[in-house]
Student: 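Sharing a structure, written as structure tokens. Questions coming.
Here is how names work: the chains are called A, B, and so on, in the same order as the sequence lines, proteins then strands, and each is numbered from 1.
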Amino acid sequence: MSPPRPNSEDFGARLSFDRGAPGRRAVDVPSWSGDETPLPDSHLLRDTLRLPEMSQGELVRYYTALSARNYGIDSGTYPLGSCTMKYNPKVNDLIASLPGFAEAHPQSPVEETQGTLRTLMELRRGLAEITGLPEISLAPAAGAQGELAGVLMITSALEDRGELEQRRRILVPDSAHGTNPATAAMAGFTVTHLPTAADGSLDRATVERELDETVAAVMVTVPNTLGLWERGIEEVAELIHEAGAYLYADGANLNAIMGRVRYGDLGFDVAHLNLHKSFSTPHGGGGPGAGPVCCTDELAPYLPTPVLEEGEDGLVRLVAPERSIGRLQQFHGNVGVLLRAYAYMRALGLDGLRAVSGQAVLNANYLRVLLHGHYDLPYDRPVLHEVVFSGSRQRREQGVRTYDIAKRLIDHGFHPPTVYFPLIVEEALMIEPTETEPPEAIEALAEALIAIAEEAEQDPDMLHRAPWTAPIGRLDETAAARRPVLRWQEDVD
Amino acid sequence: MSPPRPNSEDFGARLSFDRGAPGRRAVDVPSWSGDETPLPDSHLLRDTLRLPEMSQGELVRYYTALSARNYGIDSGTYPLGSCTMKYNPKVNDLIASLPGFAEAHPQSPVEETQGTLRTLMELRRGLAEITGLPEISLAPAAGAQGELAGVLMITSALEDRGELEQRRRILVPDSAHGTNPATAAMAGFTVTHLPTAADGSLDRATVERELDETVAAVMVTVPNTLGLWERGIEEVAELIHEAGAYLYADGANLNAIMGRVRYGDLGFDVAHLNLHKSFSTPHGGGGPGAGPVCCTDELAPYLPTPVLEEGEDGLVRLVAPERSIGRLQQFHGNVGVLLRAYAYMRALGLDGLRAVSGQAVLNANYLRVLLHGHYDLPYDRPVLHEVVFSGSRQRREQGVRTYDIAKRLIDHGFHPPTVYFPLIVEEALMIEPTETEPPEAIEALAEALIAIAEEAEQDPDMLHRAPWTAPIGRLDETAAARRPVLRWQEDVD
Amino acid sequence: MTSSSFAGSSPGGSPHPYIPATEADQARMLERVGVADLDALFADLPADLRDPAIDLPPALTEPELIALLTERAAANAAPSRPNFLGAGAYRRSIPAISSHLASRSEFVTAYTPYQPEISQGTLQSGFEFQSVVCELTGMDVANVGLYDVASATAEACLLAVRFTKRQALALLEPIHPGTADVVSTYARGAGLRVDSVTSADAVSDEHACLVVQQPDFLGTIADLEPLANVAHDNGALLVAVADPFALGLLKAPGDAGADIVTGEGRDLAGAPAFGGPSLGLFAAGLPYLRQMPGRIVGRTRELHAPEHGDGEPRTGYVLTLQTREQFIRRERATSNVSTAQALIALAFTVTMQALGPRGLRESAELCYQRAHDAARRIGVLPGYETPERGPWFQEFLVRGPVPAAELNARLAERGITAGLDVSARPEPEAREALLFAVTEATPDAHIDALLEALAAIGGES
Amino acid sequence: MTSSSFAGSSPGGSPHPYIPATEADQARMLERVGVADLDALFADLPADLRDPAIDLPPALTEPELIALLTERAAANAAPSRPNFLGAGAYRRSIPAISSHLASRSEFVTAYTPYQPEISQGTLQSGFEFQSVVCELTGMDVANVGLYDVASATAEACLLAVRFTKRQALALLEPIHPGTADVVSTYARGAGLRVDSVTSADAVSDEHACLVVQQPDFLGTIADLEPLANVAHDNGALLVAVADPFALGLLKAPGDAGADIVTGEGRDLAGAPAFGGPSLGLFAAGLPYLRQMPGRIVGRTRELHAPEHGDGEPRTGYVLTLQTREQFIRRERATSNVSTAQALIALAFTVTMQALGPRGLRESAELCYQRAHDAARRIGVLPGYETPERGPWFQEFLVRGPVPAAELNARLAERGITAGLDVSARPEPEAREALLFAVTEATPDAHIDALLEALAAIGGES
Ligand SMILES: Cc1ncc(COP(=O)(O)O)c(C=O)c1O
Ligand SMILES: Cc1ncc(COP(=O)(O)O)c(C=O)c1O
């Protein structure tokens, strides 16, 4: 017999604006005892402001309850393909919050910020070693901004070569992450999509056909978004260079190859990294991240401002490269994230980073074999850091979509994998365990997915209505987009 | 239709010892590169040790999951009578963790710890003002240790008066907290219980009858555990002193009267406080606390070591009172808790503390009137900080015990109140909202308790099996005590 | 270590505390996968390029790591050193609960909320953020945040360009040079012309927008209304780059006619952190919604009523209007932004909710009073003046008895980090001047120390 | 403030950020309760004693509070100052996750787990703690912790007295004076005789127990087995007061015959914190279970199988054997303890689980090696000796060219906090000696600074 659930409150219906009461507050402000300066003329001032009014205890409870309605890596396995949700070491948070680092003002003279600057310099040197690309700017705030930097650097280089007018195209594989084409467009280029061959690598023939004097660059993700090695990429690099174009590496998947092969050695001219993935910095529900852009000596003059430079006087400074594309942010990037990434690099060392890529790849392949046969595997070969299955059989035979499978996985206690990406795999289930998952967790995830495949046969409707045990049931995303409600409003509530 | 809950794992069955795997670890230890000193003879060493072996990520997930199976003040209303579960200001935790405070070594010379010592001195002065008892030792780690200190001080005073042999009895009201009689016994006294009169105060006649030259002290809780003012306590104090005995105040309920009346003015000779209740320091699931003992000038020489003293040189020192009962701990008490209590005192100031007691009392009375008629109220008069209802009607009429009501309250989203205490109220429901609960929360609590009273009539069995929505169902406490399993063991698991 | 004899643990442990799989685990998995060793998993990689020599410093254990970085942190100036730099980053009093709540690991270790049913914490607080930003700026809609104020302003310009189909931007000086620089960076890609103007009169029908900073780079409070009118008369949008803290006191740019408002939220989320993590605020009028960059949280309901409860579908939050975004729209997206600054936005929101309407107003007024009091005290020192360009909020210019650079150096000798040297700027008031910031969080002792030092320097010269 | 005009918030606000009820709320509640004002609620209090004059410092807002206490914290010696004090409190390397996990607010803001169904976090981690303590000490059972090592040792003596019905205690020197003092405090109440003995031979059939510290107060490692035998031959219990960190290396007292083991857990939970919050460990053999003080967590199952799942009742944890306790047994309880140190026990447990068997062993060996290396380097300095009383762990005696007090003072002048002055102790090795502690967490730089200073002082004299 199932009891009434007296406590199934509509939590989401009550925002902070609907809580508390007029006249409550969570902190007091010191009063001013000195001489009063008259305020500016009233037409410059606001005469009203609507903000929540809650006591401190109420506000703390509200966010504590919100946190309980969120799932993080610390809650369990979070196998989002391409997103590399690995364990975030707590010591890195502790380090970034040391007052000496946290209180540093971005405009302070170099003498007063050497602790930060030297640390960033060492991070930069480490990343250069790891990527084989000698010059780096740590400024980009995330992968997409690193991409923009890289493409704009290519723009400047072509301009200096007097070829910018003619080279207006950037080639992007159809398996690429959306930020690649979006970035190319933001930088004013037109995008040509390259098809993926049957083996999951670039279709060499098309590349050769497309390569001509109108091509500015080719953006390739290595390993690619199928979790596969881009076979022959080093030869493609030569072709591209012969055609006078540049080769860009989307390095978001560096974690698969750290310490084993380097973008520079493969012939890449420029690459961005996602330190908030490969280097374990917390993703915070959507940032902050850090997307350093790394390049060859040829492209170094174009790096975004600032870059780090160590002077004869032994001081590390932030300087502007002579032909810099300019700044990407008012200051120096997400330094707090970069400090965490440095701590991660130092905690692992080379052997550790090789152990990371090794175990990450082993975990993905272990999952691949455990699930083999239960879900379609369009590109059926050994993978690197992630494996992309397809729910097309379930869709065809039981009318169960990958969307349903993902939602049901929540009931089994897991965060779902990335779904419907890459676009070239229909009903894609893109799973990346990362090296920080123990084998037991990977086995449990496989069991859950296998159980769901069986549930799909027995009770498809139950899957259509999943999740059943989440803090809230399946949400109506269509309605949200059709009649957007995007902020609190008195009337609405 | 209710789906299988695939994730109803028996979480409690797997301890850290059963998780992870041999060879895993959550931290590395630096290796020693210097000269090796041979270890002591092997018969002094251990050759094996069983401890869990988990990776860092696994351990973090385990405790994060454990925390989700716990309910704190930050989770919701926690109206444990007598325990004063008020909001714990986060700024106090921040302050106590400032490295200058946290890293201080207890043996460091005074010159190196003035920051801590001066702060403790100011806390001591504030508590003296608030209690009207001029001399204080902050050493006791919790209320019960404060009680022990107080009773031992009385022991020493009687000894110096040459009356210790003759005064072997301590009088304790039958409504007292268990620590009172237990403490009296620990200090070697025999306990005489004083009945409570119909109005909830001490039965004056019995007190007068019992008072004689064999009485060492009377321990009274003010306000008492019924949440009521101890009427005429100031006259009782005189009787006690005339009889040559001492009057001890259990000050755990100070929060009800802060800034409104003082133990010293009422004629108490010695009192302990519970800073982890009245002064908002977090209770941590069972400590740490702080139970300062406060006394008159007469008893000051007997205070436990250390006490604070400010010298001519302006330095604050820890010293031993001349006739001190001795130390209660190796060092100086739960200093981290005392720092939080100081921050609380400074954040409130006198007006704030009066607002605290005022609102705490209003909240308890508000709850009293909201619930009036729905549950028996054995002592039906205005209360101070808490109100004690009785579930005896529900027990009599529906066979629903207070125990069941408490468990069902969990399903309604609240932590249950204190139950079956004080012992003089049968089926006691002892409810203390505290001043940090907003009126809406008190109303919701009342509604839930009223709803439960109705559920008791309609479906008593459902209450017998509550809670239904907690992380785990009602637990078998009898079995636990009958066949105790008190530690992890290979075989057991 | 000599604990080889010791039977506390088995050999063949995992390679690192962050990597659980032990040698035994690995062997088991390798066998199941059907390869001999880890290297075999990388067979696809070009043999001649594999396992290159890589020179990294040795690995450190956690205690060694903490020791090293504690040393590094101590190699920065002590936080207790008086520092009067502002110019885009300001020390604020942040309620202790902001960092406490923003460090709840369920928030910290979550990804972008692609699965709303288990991401309501991130989503609902994102919706709170959007609501707070709308209230502050007086705009209709806001996104959940961009990288920082400068990149947000650049995105605002790109929006204006898409909306007006015009190819030029007008930036009204004095504007933060970092902001202007980032706008130019983004503009180059789009092939836009960037005009730096000193008066709104320079705005023409070629301009997609007029960008105005509030308060401006030299601390002066702008009267946005006339500027908005000029912009609108020329068919251009007004983009206001506003300090959200100052907006506790100043008129909401939306009420003054702004079409888009950007701002920097970092300082209300926590410490300056050498400039980042930062937080770009982005709010706009309803007409611009479908052109907005970045993630937007929307409110919706459950598709099915829950089993238990009153049978009504419950309210929840989702990422919405995603057809604007790169992962769907790809090269036709409104922006390439993906990961932004969600956690900083959460801390920002808590600070705003903790202060509430009155607290924010009082805090902004306190900042205003303290800054003006400090300026007044400096202004009366012999040899010093504080040239004003109009009403100002928290930053002021100081011209001393010695050249700006020298004044800066002499204060540094005295252990004080002075204001920013703006003597190279064109504005006459900036000649030989330093730009000082004093806020509600600047300790009195630091101000006293500054005045003492300034007086001493004045005496010497 | 001059924001009276401002309509950001309504007047009649709540009295304090910690107290939600506003004036309006209060009025509504007072009316419902049927009294005119707050004062009326206190009508029972004696009129002539009500609302006394109380002199407290003015209230501070949060920013003011933080500023004041940051200043106070800075008035203590800087944490970076070399400090070689041990004598009961030792700097240890604590894994960052210990404080991270122990500060989860669900743990921090919970009360003693009286309602097990919503307190499994506290209870299960308490059970983990008991298990870890049993493994470390080699005992059968443990409680969830007492106030500190000294009061735990006093409770152990009282248990021995209840068990043996004897009225005298024997404390073997050298034992921490604080521990001895607390035992005497508790003994007075119970009217017990406390004998301080320098050899186990002094134990007689009058003694309820022999208390031995491991390592002893001067750092020396005791051989517990013979001591246990002597005690047992005289019908007394052996109470071992053991450093849980040293037990990573040393034989478990239980395996050496101890009947009760106490210890101090604070240093494995976090920083010294001027001595507290502390954590008293208490473990004993099964025969003493029903006589144990403090809370004990036991394992049990659900009374009813859950609705969902496999139909098996699930495992849970509860406070058990409570009939020993004050709130039930009252004056016949085994102790008066109620609130103890639960949160510190949780952090202690995480540290132990993070280190694991090998990590704890390695850490203890590292401590041993570093301490002995430092002692060796000091011992070879001209004018210095490090008298030994047997094998030792992390603390050693240093006798210098000048008297102990002077050596201490001279080191202090050089910015070094030296070891504890034990020159007044009876042991010959302690004559004119300081007791230094060096652990795995003592920075190399501090040790080098010490050696330099010692050499310099040696040179001068
Ligand atoms: C392959 C790939 N490229 C680029 C990106 C963009 O990185 P960011 O989200 O940091 O902008 C991502 C992640 O979103 C990605 O997975
Ligand atoms: C009235 C009363 N007296 C004494 C105590 C004992 O205090 P502590 O638990 O801090 O030892 C308590 C709380 O447990 C109490 O409520």
Side-chain angles (χ1 to χ4, degrees), chain A residues 1-3 5 19-34 36-40 42 45-61 63-65 67-68 74 87-100 103 282 343 347 411 468-469, chain D residues 1-28 58-68 70 73-74 79-80 93-110 118 304 306-309 350 354:
Chain A
M1 154 269 195
S2 174
R5 289 273 192 296
R19 296 165 184 264
R24 294 185 191 167
R25 60 203 191 282
V27 283
D28 275 331
V29 174
S31 52
W32 170 247
S33 46
E36 286 275 340
T37 306
L39 295 179
S42 65
L45 306 185
R46 83 186 308 146
D47 47 24
T48 179
L49 174 58
R50 287 193 308 187
L51 284 178
E53 301 182 64
M54 297 167 82
S55 66
Q56 195 169 115
E58 290 173 281
L59 190 52
V60 166
R61 272 184 193 166
Y63 275 91
T64 304
S67 73
D74 290 1
Y87 168 66
N88 308 148
K90 305 306 172 196
V91 67
N92 300 351
D93 299 329
L94 179 147
I95 283 165
S97 66
L98 290 170
E103 299 290 338
D411 292 328
W468 297 87
T469 59
Chain D
M1 313 292 300
T2 59
S3 60
S4 44
S5 68
F6 176 66
S9 163
S10 29
S14 56
H16 194 279
Y18 302 162
I19 307 175
T22 61
E23 277 181 23
D25 292 326
Q26 255 191 22
R28 186 164 56 83
L60 299 177
T61 60
E62 186 177 292
E64 295 167 315
L65 190 62
I66 292 172
L68 171 70
T70 303
S80 57
S93 327
I94 308 299
I97 58 171
S98 300
S99 64
H100 168 80
L101 294 171
S103 49
R104 294 277 305 169
S105 64
E106 296 88 339
F107 294 131
V108 175
T109 70
I118 47 172
H304 318 286
E307 299 179 76
H308 304 294
V350 174

Student: Non-hydrogen atoms of chain A under 4.5 Å away: do they reach the side chain of D/P20, the backbone, both or neither?
Tutor: both
Student: For D/S14, give me all partners under side-chain hydrogen bond (donor to acceptor under 3.5 Å, both in side chains), at least two apart in sequence or on another chain.
Tutor: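 In terms of side-chain hydrogen bond (donor to acceptor under 3.5 Å, both in side chains), with neighbours along the sequence ignored, D/S14 is linked to no residue.
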Student: Would you list the atom pairs, donor with acceptor, under 3.5 Å between side chains in residues 94-102 of chain D and any protein atom, with sequence neighbours excluded?
Tutor:
unit_1: D/S98; atom_1: OG; unit_2: D/P95; atom_2: O; d: 3.4
unit_1: D/S98; atom_1: OG; unit_2: D/T351; atom_2: OG1; d: 2.8
unit_1: D/S99; atom_1: OG; unit_2: D/A96; atom_2: O; d: 3.4

Student: With a 4.5 angstrom heavy-atom cut-off, which part of A/Q56 approaches chain D: side chain, backbone, both or neither?
Tutor: both
Student: To the nearest 0.5 Å, tell me how far A/E53 CD sits from D/T22 OG1.
Tutor: 9.5 Å
Student: For the residue pair D/P63 and A/D28, what are the closest heavy atoms and their distance?
Tutor: CD-O, 4.0 Å
Student: If you round to the nearest 0.5 Å, how far is CZ of A/R25 from CD1 of D/I19?
Tutor: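 Separation between the atoms: 9.5 Å.
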Student: Where does A/D93 contact chain D at under 4.5 Å (heavy atoms): side chain, backbone, both or neither?
Tutor: neither
Student: Closest heavy-atom contact between A/S55 and D/P17?
Tutor: CB-O, 3.6 Å
